[in-house]
*Asks:* 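Sharing a structure with you now.
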Amino acid sequence: MYDSIVIGCGFAGAVTARELAEKKGQDVLIIDSRSHVGGNCYDRPDEYGILIHQYGPHIFHTNIERVYQYLSQFTEWYEYRHEVVGNVYGKELPIPFNLNTLEIVYGDRAPHLEKLLIDNFGEGARVPILELMNHENDELQEIAKYVYENVFLKYTMKQWGKSPKEIDPAVSGRVPVLLSRDNRYFQDTYQGIPKDGFTPIFEKMLNYEGIEVRLNCEAKDVLTIDADAEEQVLFEGQPFHGNIIFTGALDELFDCRFGRLPYRSLRFDFEHYNKPFYQSHGVVNYTVSEDFTRITEFKYLSGQLDAPDTTIVKEYPLAYEGLDGQIPYYAINNEDNDALFEKYRKMVDKIPKFYLLGRLAEYKYYNIDAIVDRALALSQQIR
Ligand code: UDP
């Protein structure tokens, strides 16, 4: 029998499985409902040889030394410099809104406004847009209004179906106003894309003594969870007393008995063009127009800059309704939804050795580095 069963082959599950096998000598079964490993970080060459990210663009960035070192065991890095521009009525503006953007938008007034921003918040500061909006100075409010209307409002309405003021401030706080001339989207010390893609990281991580990978396997088909039963966990009908590390959607494990946990989903429309480049940057955000939020051109991310043609993807956000093929991507955190999540969490609370890990299972946003860090910490605790 297995010492641990891990549900989900994304970073949360894969790192945990590897750590338990390697550091604790455990026998681990890791399952995934999909036909491949890697979760939403799964990438593959498309029919034209361009490395595409099937579930949307993933760019690794971190300040956490141990996470960078850990992943570097499994890959070398392509030092992709991730810069994003917003397409604002046809004009391209650096995003996050920074001092270069200020110059493009305000021209001659920019030096004065720059001084005002820096006097108030300090050089290099990352100012959340909502904080800037609430400032008493009229000119700072004017900048805030511009950024709100041209960068955040429409994009956020598309992405979340809600206005920026209605969404969790942690969400829009991820893209602050940046008081520097650094056009990179992230300012972390380590940034890059795995040289051969993300998928080989997972293959290497899981190709280890003691780890068994089972794909095309739905958690609820093999696991029966009932905290009040004498045997709380059954695996394929047999009592299981080892660890369960669950990284999937908790409501679905319980057939959504209290109602569905709300998530945002995405539809990805891939397009191929017989020309070297489609757009000026790896990612262009459409912040005032279109029904999609952004277009990613993959050759920038993969470094295949010499390829004669190109593949792009447009992202269309939509409500997650649990339909076949739909994927829950983003938890919609607010008081009601978090309370509903708590109800599901209580269903597994009393089960010893049952651990919830990751975006879906914890109903919160994680970047890659944060979930790798969390998985490393959790697997140290697990016996
Ligand atoms: N956002 C926005 N305009 C942009 C970029 C981001 O309004 O051009 C807001 C939007 O609400 C989005 C959030 O900031 O959901 C976080 O953006 P991020 O790029 O971190 O989103 P992710 O890559 O996780 O989808």
*Asks:* For a quick check under 3.5 Å, do His61 and Gln187 share a side-chain donor-acceptor pair by atom type?
*Replies:* no
*Asks:* Would you say the side chains of Asn63 and Thr189 form a donor-acceptor pair under 3.5 Å?
*Replies:* yes
*Asks:* Can you confirm if the aromatic rings of Tyr330 and Tyr320 lie within a centre distance of less than 6.0 Å?
*Replies:* no
*Asks:* So, Gln54 and Arg44: side-chain donor and acceptor under 3.5 Å apart, yes or no?
*Replies:* yes
*Asks:* Can you find a pair of side-chain heavy atoms, one from Val15 and one from Leu376, that are under 4.5 Å apart?
*Replies:* yes
*Asks:* Under the side-chain contact (heavy atoms from CB on, under 4.5 Å) test against Pro239, which residue among Leu234, Val233, Thr224 passes?
*Replies:* Leu234
*Asks:* Among all residues two or more places apart in sequence or in another chain, which pass the side chain to side chain contact (heavy atoms under 4.5 Å, CB included) test with Glu83?
*Replies:* Arg81, Asn183, His281
*Asks:* Hey, are the side chains of Val313 and Phe298 touching, using non-hydrogen atoms and a 4.5 Å cut-off?
*Replies:* yes
*Asks:* For Tyr344, give me all partners under ring-ring contact (aromatic ring centres under 6.0 Å, His included), at least two apart in sequence or on another chain.
*Replies:* Phe258
*Asks:* Mind checking what makes side chain to side chain contact (heavy atoms under 4.5 Å, CB included) contact with Arg345, not counting sequence neighbours?
*Replies:* Phe341, Glu342, Asp349, Leu356
*Asks:* Hey, are the side chains of Glu142 and Tyr106 touching, using non-hydrogen atoms and a 4.5 Å cut-off?
*Replies:* yes
*Asks:* Assess, by modelled atom type and distance only, whether the side chains of His272 and Asp309 contain a donor and an acceptor separated by less than 3.5 Å.
*Replies:* yes
*Asks:* Taking only Lys NZ, Arg NE, NH1 and NH2, and the carboxylate oxygens of Asp or Glu, determine whether Lys220 and Glu252 approach each other closer than 4.0 Å.
*Replies:* no
*Asks:* Taking atom CG of Asn243 and atom NZ of Lys353, what is their separation to the nearest 0.5 Å?
*Replies:* 5.5 Å
*Asks:* Quick check, are the ring centers of Phe268 and Tyr329 under 6.0 angstrom apart?
*Replies:* yes
*Asks:* Using the salt bridge (charged side-chain N to carboxylate O under 4.0 Å, His left out) definition, which of the options Lys145, Lys115, Arg109 pairs with Glu139?
*Replies:* Arg109
*Asks:* Whether the Asn98 and Arg184 side chains hold a donor-acceptor pair (N or O, under 3.5 Å, no angle test) is what I'd like checked.
*Replies:* no
